[in-house]
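Numbers here are sequence positions counted from 1. Note that this is a predicted model, so its numbers are computed, not measured.
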Amino acid sequence: NHEALDCPTAKRWLSCMRMDELRVFMGSSNRPLGEEICRYLGIEPGRIAIQRFANDNIFVQIEESVRGTDTFVVQSLYPNPNEALVELMLILDALRSASAKRVTAVIPHYSYARSDKKDRPRISIAARLFADTLVTAGAMRFLTMNLHSDQVRGFFSVPTDHLLSGPIIIDYLKNNMDLSNTVALLDLGQQKREGNYPAQLGLPIAIMNKERISDHEVRITDMIGDVSGKDVLMFEDEISRGTSLVAAAKAVRERGARKIRIACTHGLFCEPATRLIAESAIEEIVTTNSVHIPPERRLPSITILSVASLFGEAIRRTHCGESVSVLFDSNSHRA
């Protein structure tokens, strides 16, 4: 009943009258994002029961009929990626067994994307393994965001839409920061992946060479470009422990940088990230709610942008058979 919806929501649905066939379910990992996506779509979240037995086995039951429906499951693989993965597989299997017409796994943060190559002897390429496993469990499509590298998208054997947080982050930076004296700092591995963000902001680029000594220690060996007397804006796809971030901030401060800000998609802030960031020269970190950031990790310097409208619009367009590519344009998330 479109009359029951607010005007913006109703307008989004005018081109598609199959709203009653859409269902959005949520796993446990990021329910606030899932609920916000449902509000954007103007629908109630799908009814689902997720319980844990005494032996830690996970139990999933879909509590409404999904026969013949187009279903979407929102589940980030963080925190507790292994448990989130098993929970997602059980939900996908339950929906397939309940005769859903199509099942799409919506994974805002695919944590195993970092395991995307065989760079050591006798290791598993987990990004490919779990992509195959999720298809076996029942996923017929994938919707994800900012994978660690381009090749990960090729690991999915079913149609996959790879969204980018860039339009939302760039919109925030343009409207909330003075970028007139700013240099964008990228590391060598980011030039291809994040190189378009500085261009869209009209920023000059400096490049650093980052050497990871261990999981706990990173060293900045070289830097090309002048940051002296400049504000520095660094782009990251993910912040985990924060060691490389803090090392880079220290290096540019020693080279005369003024304000240091970070823009990233997936703000995990694993320990001891919050302590390291609080003690560093970093003035602000702009991230998204692709993963749920608990209150105890939300430093005053962390700004969290919502990607609910981006995913909500992608879900609507997928359901209605419309193009998703328009979402890569700046400000398109406001559609």
Side-chain angles (χ1 to χ4, degrees), residues 23-38 45-53 55-63 71-96 103-116 124-148 152-153 155-156 158 160-163 165 237-241 264-271 273 287-297 304 306-308 311 315:
R23 301 285 189 280
V24 176
F25 293 89
M26 290 169 284
S28 303
S29 67
N30 198 349
R31 291 192 62 87
L33 174 59
E35 291 169 353
E36 195 174 344
I37 289 172
C38 288
R47 296 193 302 275
I48 183 173
I50 303 174
Q51 301 174 11
R52 187 182 298 275
F53 292 115
N55 63 354
D56 278 342
N57 283 10
I58 299 173
F59 170 80
V60 169
Q61 182 179 15
I62 308 301
E63 296 186 316
T71 59
F72 295 79
V73 184
V74 181
Q75 178 82 318
S76 291
L77 300 189
Y78 185 85
N80 303 316
N82 301 324
E83 292 186 13
L85 184 65
V86 172
E87 187 178 286
L88 176 57
M89 289 190 292
L90 291 172
I91 298 172
L92 296 173
D93 182 65
L95 290 170
R96 180 183 58 180
V103 183
T104 300
V106 181
I107 310 176
H109 176 54
Y110 184 54
S111 61
Y112 279 100
R114 298 184 73 91
S115 178
D116 59 353
S124 169
I125 303 178
R128 183 198 61 202
L129 170 65
F130 291 126
D132 291 340
T133 303
L134 290 169
V135 172
T136 301
M140 302 173 189
R141 292 187 66 97
F142 288 96
L143 179 59
T144 186
M145 185 173 69
N146 285 75
L147 295 170
H148 180 63
V152 176
R153 185 173 180 179
F155 296 162
F156 296 96
V158 296
T160 300
D161 289 308
H162 181 208
L163 301 179
S165 62
D237 60 340
E238 175 183 310
I239 297 176
S240 181
R241 292 176 54 86
C264 85
T265 300
H266 309 297
L268 310 185
F269 304 115
C270 308
E271 290 301 329
T287 187
T288 78
N289 60 346
S290 65
V291 301
H292 177 62
I293 303 174
E296 62 270 18
R297 297 184 185 177
I304 303 173
S306 176
V307 292
F311 277 98
I315 289 172

Inset, instruction - Kindly indicate whether the side chain of Ile315, heavy atoms from C-beta on, has any atom under 4.5 Å from the side chain of Thr104. - result: no
Legend entry - side chain to side chain contact (heavy atoms under 4.5 Å, CB included) assessment of Ile48 paired with Ile91: CA-CA 9 Å; Ile48 183 173; Ile91 298 172; 3.8 Å; yes
Inset, instruction - For the pair His266 and His109, name the ring-plane relationship: parallel under 30°, tilted 30 to 60°, perpendicular over 60°. - result: tilted
Legend entry - Ser240 versus Leu268, closest heavy-atom pair with distance: CA-CB, 4.2 Å
Show every donor-acceptor pair shorter than 3.5 Å between a side-chain atom in residues 81-88 and any protein atom, with sequence neighbours excluded, or say none if there are none.
{"from": "Asn82", "atom 1": "OD1", "to": "Tyr112", "atom 2": "OH", "distance (Å)": "2.3"}
{"from": "Glu83", "atom 1": "OE1", "to": "Arg52", "atom 2": "NH2", "distance (Å)": "2.9"}
{"from": "Glu87", "atom 1": "OE1", "to": "Ser28", "atom 2": "OG", "distance (Å)": "3.1"}
{"from": "Glu87", "atom 1": "OE2", "to": "Ser28", "atom 2": "N", "distance (Å)": "2.6"}
{"from": "Glu87", "atom 1": "OE2", "to": "Ser28", "atom 2": "OG", "distance (Å)": "3.2"}
{"from": "Glu87", "atom 1": "OE2", "to": "Gln75", "atom 2": "NE2", "distance (Å)": "3.1"}

Inset, instruction - Could you tell me whether the side chain of Leu95 reaches within less than 4.5 Å of the side chain of Phe25, counting heavy atoms only? - result: yes
Legend entry - Check: His148 and Asp237 side chains under 4.5 Å, non-hydrogen atoms: yes
Legend entry - Listed partners of Asp161 passing side chain to side chain donor-acceptor pair (under 3.5 Å), at least two apart: Arg141
Inset, instruction - Check whether any side-chain heavy atom of Ile304 lies under 4.5 Å from a side-chain heavy atom of Ile293, and answer yes or no. - result: yes
Inset, instruction - Evaluate the side-chain proximity of Leu90 to Phe59: yes if any heavy-atom separation is below 4.5 Å, no if none is. - result: no
Inset, instruction - Looking only at non-hydrogen atoms, find the nearest pair between Gly27 and Ile50 and report the distance. - result: CA-CD1, 4.1 Å
Inset, instruction - Sequence neighbours left out, what passes side chain to side chain contact (heavy atoms under 4.5 Å, CB included) with Thr288? Give chain and number order. - result: Met145, Ser165, Ile169, Thr265, Ser290, Val307
Legend entry - Point-to-point distance, once rounded to the nearest 0.5 Å, from CZ of Phe72 to CZ of Phe311: 12.0 Å
Inset, instruction - Could you walk me through whether Tyr110 and Phe156 pass the ring-ring contact (aromatic ring centres under 6.0 Å, His included) test, one step at a time? - result: CA-CA 12 Å; Tyr110 184 54; Phe156 296 96; 5.5 Å; yes
Inset, instruction - To the nearest 0.5 Å, tell me how far Phe155 CZ sits from Leu129 CG. - result: 11.0 Å
Inset, instruction - Say whether, by atom type as modelled, one donor and one acceptor occur between the side chain of His162 and the main chain of Leu147 under 3.5 angstrom. - result: yes
Inset, instruction - Identify the heavy atoms of Thr160 and Thr144 that sit nearest to each other, and give their distance. - result: CG2-CG2, 4.5 Å
Legend entry - Closest non-hydrogen atom pair between Ser115 and Ile125, with its separation: O-CG2, 3.6 Å
Legend entry - Residues in side chain to side chain contact (heavy atoms under 4.5 Å, CB included) contact with Pro79, at least two apart in sequence or another chain: none
Legend entry - Close side-chain approach of Leu163 to Leu143, heavy-atom, < 4.5 Å: yes
Legend entry - Closest non-hydrogen atom pair, Phe269 against Gly267: CD1-O, 3.4 Å
Inset, instruction - To the nearest 0.5 Å, tell me how far Asn30 CG sits from Glu35 CD. - result: 9.5 Å
Inset, instruction - Measure the CD-CD distance between Gln51 and Gln61 for me, rounded to the nearest 0.5 Å. - result: 8.0 Å
Inset, instruction - Would you please name every residue forming a side chain to side chain donor-acceptor pair (under 3.5 Å) with Asn80, sequence neighbours left out? - result: none
Inset, instruction - Would you check, one step at a time, whether the test side chain to side chain contact (heavy atoms under 4.5 Å, CB included) holds for Phe130 with Ser124? - result: CA-CA 11 Å; Phe130 291 126; Ser124 169; over 6 Å; no
Inset, instruction - Kindly indicate whether the side chain of Pro32, heavy atoms from C-beta on, has any atom under 4.5 Å from the side chain of Asn289. - result: no
Legend entry - Chi angles and distances behind the side chain to side chain contact (heavy atoms under 4.5 Å, CB included) call for Leu134, Ile107: CA-CA 11 Å; Leu134 290 169; Ile107 310 176; 3.9 Å; yes
Inset, instruction - Would you confirm whether Ser111, through its side chain, and Leu77, through its main-chain N or O, come within 3.5 Å as a donor-acceptor pair? - result: yes
Inset, instruction - Could you pull out the closest heavy-atom pair between Met89 and Thr133, with the gap in Å? - result: SD-CG2, 3.1 Å
Legend entry - All salt bridge (Lys or Arg N to Asp or Glu O under 4.0 Å) counterparts of Arg128, not counting sequence neighbours: none
Legend entry - Close side-chain approach of Val158 to Met140, heavy-atom, < 4.5 Å: no
